[in-house]
Structure formats: C-alpha cells, structure tokens
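Notes to accompany the following structure.
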Number of protein chains: 2
Amino acid sequence: MSKAEIPRKSIYRLSIYQRCLHKLLENEVETVSSEALASAAGVKSTQLRKDLTYFGQFGTRGLGYNVKALSNVLNEVLGTTAYQPVILVGVGNLGAALLRYSGFNKEGFEISAAFDANPVRDRRLNGLKTPVYPVDRMCEFIRSKHVRMAILAVPGNAAQPVVNDMVESGVQAILNFSPTVLQVPEEVTVNSVDLALELENLSYFVR
Amino acid sequence: MSKAEIPRKSIYRLSIYQRCLHKLLENEVETVSSEALASAAGVKSTQLRKDLTYFGQFGTRGLGYNVKALSNVLNEVLGTTAYQPVILVGVGNLGAALLRYSGFNKEGFEISAAFDANPVRDRRLNGLKTPVYPVDRMCEFIRSKHVRMAILAVPGNAAQPVVNDMVESGVQAILNFSPTVLQVPEEVTVNSVDLALELENLSYFVR
DNA sequence: AATTGTGAATTGATTCACAGCT
DNA sequence: AGCTGTGAATCAATTCACAATT
C-alpha cells in the first residue's frame with residue numbers, strides 16, 4: 001500500500017500508540033492486546049488494528065502484540081529512528097518557550113538552531129545551548145545541514161515569506177504556530193497549531 | 001438543527017473564517033463571496049457554504065456576504081460575544097509562555113488567573129499582570145468566579161488529578177497541552193494540543 | 001450574470017462481524 | 001479459548017450539480 005492512501009489521522013494515532021508503548025516498556029510489560037493498548041490511547045481496538053494493517057501484521061493471534069517489537073516497528077514507520085535536524089524560526093515568547101520545552105527532547109528531537117529577525121532579543125536564551133542566528137542565515141543553514149523539518153513561530157504577517165525561503169532551501173515539513181494559512185507545494189507537509197483558535201473554538205462548547 | 005449534529009470540524013472552521021473576516025474588516029471590505037472567503041481560509045467554497053447553513057442563511061445570492069454582518073453572526077455562534085474567564089494551570093516553560101502569549105488577548109481572551117504547584121517558580125512572571133496562585137486554591141477560584149474554561153499545561157503524570165478537580169468544580173472546556181489522554185465526562189469538551197506528537201508526526205512525511 | 005443554498009452523489013473513516021491463527 | 005486481521009457495512013464529511021434568488 002502506498003503512502004498516499006494511508007489516512008493522515010492513522011499516522012497521527014501511531015504516535016499516540018507509540019507513546020503508550022513507551023509507558024508499557026518502562027513498566028516492563030512484554031505483551032499487550034489491541035484492546036488494552038487502544039483503551040490507553042483512547043480509541044477503539046478495531047481502529048488500532050486497522051491502523052496497523054496499513055503497514056503489516058505485527059500481532060500474534062490469541063496473544064496480542066509484543067511491546068518491544070511493536071514499538072520498534074512504529075519507530076521505523078514514523079521515521080523516528082533516523083536523526084532529523086530541526087530548526088526553529090521566530091524566537092518570540094512562544095518560540096523561546098518551545099526552545100526551552102523539554103517535551104521535544106524527550107521524544108528524541110533536538111532543535112539544532114534557531115533563527116530570528118532580531119537574534120539577541122532574548123538574553124535569557126543564553127542559558128540554552130541552542131544557538132540563535134539572524135534569520136538571513138537560515139537558507140544557508142538549511143542547505144548545508146540538510147534540514148528537512150522546521151518549526152515556525154513568527155508573527156502571522158511574516159510567515160509566508162519565511163516559508164517560501166524554507167521550502168526553496170529544501171524543508172519538507174513544517175510545524176506552524178503562526179496564525180496564518182500557509183501556501184506550500186503539495187510535497188511539503190504542514191501541521192498547523194493555532195493556539196488562539198483552539199481556545200476560541202472551545203468557547204462554543206461552554207454554555 | 002441541534003448542536004450535537006454539527007461536525008466539530010465545521011465549528012473549528014468557523015473560527016478560521018472569523019479570522020479572515022477580521023482581516024477584511026480591517027481593510028474595510030464590505031462584501032465577500034464564498035469563493036473569496038473560502039480561498040483565504042484554505043477550503044473549498046462549497047464547504048464554507050455548507051458550514052454556514054448549519055446555522056442559517058446569511059448571504060445574498062448574486063452578491064455574497066456582508067463582512068460585518070457575517071462576522072457578528074460568527075461571534076454569536078461561537079460564543080465569543082460573552083466574556084469567558086479562563087484559567088491556566090501549570091506555569092512551567094510552556095505555561096509561562098502561554099501567559100505571555102499575546103495571541104489569546106488579540107482574540108478577545110484574557111487569562112484571569114494562573115495556578116501552579118510551586119507558584120513562585122518563575123520570577124520573570126512578576127512583569128505580568130496575571131496572578132499566579134498555588135494550585136490548591138484552584139477549585140475555590142473556579143467556583144467563586146464561575147470559570148468554565150481552562151488551559152492545562154502541567155506534566156503528563158499530574159494532568160488527570162488536576163482535571164478531575166477542575167471538572168468537579170465546574171469547568172466545561174479544557175485546552176490540554178499535557179501529553180496524556182484525559183478522561184472526562186462527556187459533557188466536558190477537551191481540545192488536546194500535543195506539541196511533541198505534532199513534531200514526531202511530521203517526521204513521517206520527511207523522506 | 002453572479003452567487004448562494006442545498007439535496008444527491010461521492011469520497012473517506014470507522015466500526016462490525018467473523019474467519020483464521022496460535 | 002483468545003485475540004488478530006480484514007472484507008463488508010455503516011457512518012460521517014466533502015464535493016457536486018443545479019435550482020433559487022438578487
């Protein structure tokens with residue numbers, strides 16, 4: 001089955017399963033049923049099984065899944081085995097927090113460099129090991145380090161030009177925190193997280 | 001049509017349309033076609049029109065939509081007309097950044113209080129007007145101020161107990177940044193934003 | 001002439017039901 | 001006996017196609 005036919009939501013859930021498997025690994029659980037894993041991930045067991053079949057057969061009927069083995073498979077599928085350098089562009093409030101945010105490291109990512117229009121804007125960043133460069137050095141960096149993934153946290157009106165440069169230089173996937181709809185060629189993947197929108201959206205459900 | 005039958009994705013898109021309308025308002029555009037508005041929002045025009053029909057008829061055939069009027073309708077539908085106090089729980093790196101993040105204010109939200117297990121952990125917050133209280137005062141605050149919305153940014157293992165307290169005290173909607181699947185009663189709405197997951201997920205698309 | 005509003009058709013995702021292994 | 005894997009059935013969302021309206 002080709003990559004294009006696999007629902008993006010399934011891919012997303014794989015990451016959730018992966019996280020649950022990590023917890024099981026820590027607790028030295030060896031085997032897990034689709035029922036148990038699915039319930040930890042907050043989905044139905046049939047959905048978990050269907051998601052996995054896009055990539056092959058990994059369970060043992062009557063028994064369940066080997067936690068270690070399945071986790072390895074998911075690493076392989078998700079591409080988290082290969083080291084991926086990631087850059088961050090826009091070191092404002094949010095960008096700086098993302099630099100400090102330990103969650104990325106925990107999941108095996110390290111931001112290899114950050115870029116900002118005004119690179120010394122936040123002196124507190126001196127405590128961090130990630131260098132902050134002026135944004136006009138971004139393209140050169142992307143090319144020389146073969147960067148394929150970027151986190152974008154610039155103000156809305158600055159986003160599209162930066163994205164154009166990124167894509168031009170070889171970035172293939174963007175995690176976008178800027179409150180804008182980005183235009184990218186179809187081979188580039190964008191994941192947008194719009195914090196204000198998420199909150200605004202919630203107010204609909206409060207009555 | 002009852003609220004339950006309206007797809008959540010449609011509700012989400014309403015917020016996107018709303019943001020595009022704001023831009024048009026700033027530029028003093030009076031009328032917009034579904035085609036133009038949809039393209040600004042990054043969706044098909046039929047989808048925009050279908051989304052709107054869940055709530056009524058707001059356009060004029062042959063002409064389009066009045067920007068001001070439609071924006072008012074969306075404010076009404078999304079519940080952004082009514083003031084909603086929001087609290088934030090967990091003032092670590094991410095929580096502190098969210099407190100400073102101007103995006104929420106821009107969309108008409110103000111975080112009325114923050115709570116943390118260790119409320120003086122970050123002295124830099126002194127510059128902000130939002131008070132940071134010890135978390136054991138959360139329930140009392142929720143009740144006395146009739147808080148219905150909360151932003152959760154505590155570590156994964158601390159999340160569920162905090163959520164239980166929130167829900168018990170009357171919170172109806174939670175924007176969750178903790179990397180955990182939350183258990184809540186069905187009348188409570190949770191929007192989860194898992195930053196590490198979003199990044200991990202992207203690596204699948206990089207080859 | 002232009003553009004909305006909407007049933008019908010289509011496409012996509014989820015769940016069911018059960019055959020197939022261990 | 002227990003649990004996976006999967007085609008078929010169902011459910012949900014999107015898009016089409018065009019009648020209705022200004």
Side-chain angles (χ1 to χ4, degrees), chain A residues 1-17 20-21 24 29-71 73-74 77 181 186 201 204, chain B residues 1-17 20-21 24 29-71 73-74 77 181 186 201 204:
Chain A
M1 170 155 320
S2 100
K3 189 178 275 199
E5 309 166 29
I6 301 168
R8 192 154 166 185
K9 279 187 156 190
S10 290
I11 305 296
Y12 190 84
R13 283 189 297 261
L14 294 189
S15 302
I16 303 179
Y17 305 150
C20 296
L21 288 170
L24 292 172
V29 177
E30 295 205 347
T31 304
V32 67
S33 69
S34 63
E35 191 61 43
L37 183 54
S39 111
V43 302
K44 290 233 158 61
S45 67
T46 44
Q47 181 154 71
L48 162 59
R49 296 204 299 275
K50 180 70 88 178
D51 284 341
L52 293 179
T53 56
Y54 287 120
F55 304 96
Q57 304 183 179
F58 312 108
T60 310
R61 293 171 197 226
L63 247 178
Y65 300 88
N66 179 281
V67 174
K68 189 77 187 295
L70 185 56
S71 173
V73 166
L74 293 188
V77 167
V181 177
E186 69 165 328
N201 184 238
Y204 173 80
Chain B
M1 170 155 317
S2 101
K3 188 178 274 197
E5 309 165 27
I6 301 170
R8 192 155 165 182
K9 280 187 154 188
S10 290
I11 305 296
Y12 190 84
R13 283 189 298 263
L14 293 189
S15 302
I16 303 178
Y17 305 150
C20 297
L21 288 170
L24 292 173
V29 178
E30 294 205 346
T31 304
V32 67
S33 69
S34 64
E35 190 62 44
L37 182 55
S39 114
V43 302
K44 290 232 159 60
S45 67
T46 45
Q47 182 155 72
L48 161 60
R49 295 204 299 275
K50 181 70 89 177
D51 285 340
L52 292 179
T53 55
Y54 287 121
F55 303 98
Q57 303 184 178
F58 311 109
T60 310
R61 292 170 198 226
L63 246 179
Y65 300 88
N66 178 280
V67 174
K68 189 76 187 297
L70 185 56
S71 172
V73 166
L74 294 188
V77 167
V181 178
E186 69 164 328
N201 184 237
Y204 173 81

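Lettering follows sequence order; numbering is per chain, from 1. As the structure is a computational prediction, the values presented were derived from the model and not from experiment. No hydrogens, no waters, no symmetry mates; every other heavy atom, side chains included, goes into these values.
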What integer distance in Å separates [X]:[atom1] from [N]:[atom2]?
X        : N       : atom1 : atom2 : result
Ile6(A)  : dG12(C) : CD1   : C1'   : 15 Å
Asn66(A) : dT22(C) : CG    : P     : 16 Å
Ile11(B) : dA13(D) : CD1   : P     : 11 Å
Glu5(A)  : dT11(C) : CD    : P     : 14 Å
Tyr54(B) : dG7(C)  : OH    : C1'   : 13 Å
Leu52(A) : dC3(D)  : CG    : C1'   : 14 Å
Gln47(A) : dC16(C) : CD    : P     : 11 Å
Lys44(A) : dT6(D)  : NZ    : P     : 21 Å

Quick check for you: to the nearest 0.5 Å, what is the distance between [X] atom [atom1] and [Y] atom [atom2]?
X        : Y        : atom1 : atom2 : value
Leu21(A) : Ile16(A) : CG    : CD1   : 12.0 Å
Ile11(A) : Tyr54(A) : CD1   : OH    : 9.0 Å
Lys9(A)  : Leu14(A) : NZ    : CG    : 14.0 Å
Leu37(A) : Tyr17(A) : CG    : OH    : 7.5 Å

**Prompt:** Among dA13(C), dT4(C), dT14(D), which nucleotide sits nearest the side chain of Pro7(A)?
**Reply:**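 Nearest nucleotide to the side chain: dA13(C).
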**Asked** What's the closest nucleotide to the Lys50(B) side chain, out of dA8(C), dT6(D), dA13(C)?
**Response**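 Out of dA8(C), dT6(D), dA13(C), the nucleotide with an atom closest to Lys50(B)'s side chain is dA8(C).
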Check the phosphate of [N] against [X], side-chain N and O only, distance under 4.0 Å to OP1 or OP2. Yes or no?
X        : N       : result
Tyr65(B) : dG5(C)  : yes
Thr46(B) : dC16(D) : no
Arg49(A) : dC18(C) : no

**Prompt:** How close do Asp51(B) and Ser10(B) get, heavy atom to heavy atom, and via which atoms?
**Reply:**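 Shortest heavy-atom separation between Asp51(B) and Ser10(B) comes out as OD1-OG, 2.7 Å.
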**Message:** Given Tyr65(A), which partner from the list Thr31(A), Val73(A), Leu52(A), Thr60(A) fulfils the side chain to side chain contact (heavy atoms under 4.5 Å, CB included) test?
**Reply:**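 Exactly one pass, corresponding to Leu52(A).
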Return the polar atom pairs (N/O with N/O) between nucleotides 20-22 of chain D and the protein under 3.5 Å, or none.
unit_1  : atom_1 : unit_2   : atom_2 : d
dA20(D) : N3     : Arg61(B) : NH1    : 2.8
dT22(D) : O4'    : Arg61(B) : O      : 3.4

**Complete:** Assign each of Gln57(B) and Arg8(A) the nucleotide of DNA chain C bearing its closest heavy atom; nearer the 5' end lies the nucleotide of Gln57(B)
**Prompt:** Looking at Arg49(B), Lys44(B), Gln47(B), which one forms a side chain to side chain donor-acceptor pair (under 3.5 Å) with Ser34(B)?
**Reply:**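 Answer to the side chain to side chain donor-acceptor pair (under 3.5 Å) test with Ser34(B) among Arg49(B), Lys44(B), Gln47(B): Arg49(B).
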